[in-house]
2 protein chains.
Amino acid sequence: MQFSFRMPVAVQVLLCIAKFDGVFKTTSTFLASSVNVNPVIIRKTLGQLKAAGLVEVAAGVGGAKLVKEPCDITLKEIFGAVEDDEDLFHIQEHPNPQCPVGRNIHKVLGDKLSVIKNHMLEDFANITLEDLLEDIHNAEQSR
Amino acid sequence: MQFSFRMPVAVQVLLCIAKFDGVFKTTSTFLASSVNVNPVIIRKTLGQLKAAGLVEVAAGVGGAKLVKEPCDITLKEIFGAVEDDEDLFHIQEHPNPQCPVGRNIHKVLGDKLSVIKNHMLEDFANITLEDLLEDIHNAEQSR
DNA sequence: ACTCATTGTAAGTAATGGTATTACAATGAG
DNA sequence: CTCATTGTAATACCATTACTTACAATGAGT
C-alpha cells in the first residue's frame, strides 16, 4: 500500500521546468519523455500545479514555467496540489456503536493518526525544490 | 489516496482482545461484529498478527489473546504486521536515463522520502496499545 | 471416539482507483 | 490563417481491496 505516482511525477515535472528553463520549451510531450508517462498525465498534473499557483502554462503556444522561485516551493505545496486532503488511513466508517471500542475507535485512533499526518506534512514543508535541484546537480557532478 | 483498512482494523481487533479478555471469547465472529467487517477479514488479520508474534489464536476452540502487554505493543509493530515494507511513494521506475532529472530522480527524491517514512514509523513506535486503551476509557467516562 | 463451534485457507466476485490511450475542441503566437 | 499545443472528456485496462461462499482441519468438551 502506497501513495500513487502523482506526487513524484509532479516533483519531476517541476524539476524539469526549473532545470530546462530557457533551454528547451517544456511542453507536455517533452516533460512526458523525461518522466516516461503519457503526455495527458503531465497535462493533468500541470493543471493541478497551475491551480495551486506553482506554475503557469502557455495554452496554445505551449510550455510551462515556475511562478515562484525553487527555494520557495516546498514538497508540502506540491503534495497538497496533487493529492486530496484526506486522512492518511481509512478507518472503518460504521463500527459497532454498541461496542465500547467500536464507538470510540474513530476519534481515538483518528486523533493520533492526524497528528502523524501533520508531522509528515511538516517534513514535506522542510524540503524545497531547490534542495532537490542541488542534489541532482551534485549527483551529476560525481558521475 | 490513502492506506487501506488493514492497520485500523488490526488496531481495533487488538483493542477488543485486550478490552474483553476474560469477559467474552474473542472469536473472529465476535471481533467482526465490533469492526463491522466480514469474519474472514478478521481471521486474515489475526493470522498476520500471530505471525508477528503479537497474539496467539486458539484454533479449534476459538478465541485470541495478546502475547505481550498492551504497553509493549506499538503501532509500529502493528503497522509492520499488516503492511508490506515498501516505499511510501511510488516513483516511476523507468524515467528517461538521458534526462539529468530522470536519471537522478529515484535516488534524490527516494532518499528524502525514505527519511520521512522513517519519521512516520518513529511516530508509530511512540504510540502503544495501552495509550489507546486509556483514551477509550476516558472517552467512555465522559459520556 | 464423537460432536460442534471455530479457525485457516482457497476461490471467485464486485467495486474501486490509478494509469494509459484516443479523440477533439479551444488556444494563441507567428 | 496556420499549426503545434493545451485542456478535457471518454474509454479501456489493470491491480488492489474488500466481500462472500465453501470446506477441510482443529481441538476442547462430552
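Residue numbering restarts at 1 for every chain, and letters A, B, ... go by the order of the sequence lines. Bear in mind that the values here come from a model prediction, so they are computed numbers and not experimental data.
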Atom-to-atom span, [atom1] of [X] to [atom2] of [N] - whole angstrom:
X: His94(B); N: dT19(C); atom1: NE2; atom2: P; value: 15 Å
X: Glu93(A); N: dC19(D); atom1: CD; atom2: P; value: 11 Å
X: Phe30(A); N: dT6(D); atom1: CZ; atom2: C1'; value: 17 Å
X: Lys65(A); N: dT6(D); atom1: NZ; atom2: C1'; value: 17 Å
X: Leu31(A); N: dT5(D); atom1: CG; atom2: C1'; value: 13 Å
X: Lys25(A); N: dA4(D); atom1: NZ; atom2: P; value: 10 Å
X: Ile17(B); N: dT7(C); atom1: CD1; atom2: P; value: 11 Å

Starting the side chain at C-beta, find the nucleotide from dT7(C), dG7(D), dA29(C) nearest to Val57(A). dG7(D)
What nucleotide among dT26(D), dT6(C), dT5(D) has an atom nearest to a side-chain atom of Ala59(B)?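 Nucleotide nearest to Ala59(B)'s side chain: dT26(D).
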Run Leu14(A) and Val11(A) through side-chain contact (heavy atoms from CB on, under 4.5 Å) and show every step you take. CA-CA 5 Å; Leu14(A) 290 169; Val11(A) 169; 5.9 Å; no
Measuring to OP1 and OP2 of [N], would you say a side-chain N or O of [X] lies under 4.0 angstrom away?
X: Lys50(B); N: dT7(C); answer: no
X: Ser28(A); N: dT6(D); answer: yes
X: Asn38(B); N: dT20(D); answer: yes

What does the 5'-to-3' dot-bracket notation of DNA chain C look like when only Watson-Crick and G-U wobble pairs under 3.5 Å count, and pairs to other strands show as |? ||||||||||||||||||||||||||||||
Of all the heavy-atom pairs spanning [X] and [Y], show the shortest one and how long it is.
X: Asn104(B); Y: Ala139(A); result: OD1-CB, 3.5 Å
X: Leu49(B); Y: Ala81(B); result: CD2-CB, 4.1 Å
X: Ile41(A); Y: Val37(A); result: CB-CG2, 4.1 Å
X: Gly102(A); Y: Pro95(A); result: O-CG, 3.1 Å

In this structure, are over 12 heavy atoms from other groups packed under 6.0 Å from Lys68(B) atom NZ? yes
Using the closest heavy atom to pick a nucleotide of DNA chain C for each, name whichever of Gly62(B) or Asn36(A) lands nearer the 5' end. Gly62(B)
Phe5(A) or Ala58(A), whichever maps to the more 5' nucleotide of DNA chain C: Phe5(A)
Salt bridge (Lys or Arg N to Asp or Glu O under 4.0 Å) assessment of Lys117(B) paired with Asp85(B): CA-CA 11 Å; Lys117(B) 185 189 175 182; Asp85(B) 182 25; 3.2 Å; yes
If you measure from OG on Ser28(A) to NZ on Lys44(A), what distance do you get to the nearest 0.5 Å? 14.5 Å
Any carboxylate oxygen within less than 4.0 angstrom of a Lys/Arg side-chain nitrogen, looking at Asp135(B) and Lys112(A)? yes
Sorted by number, the residues of residues 40-48 of chain A with heavy-atom contact under 4.0 Å to DNA chain D: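 Nucleic-acid contacts, sorted: Val40(A), Arg43(A).
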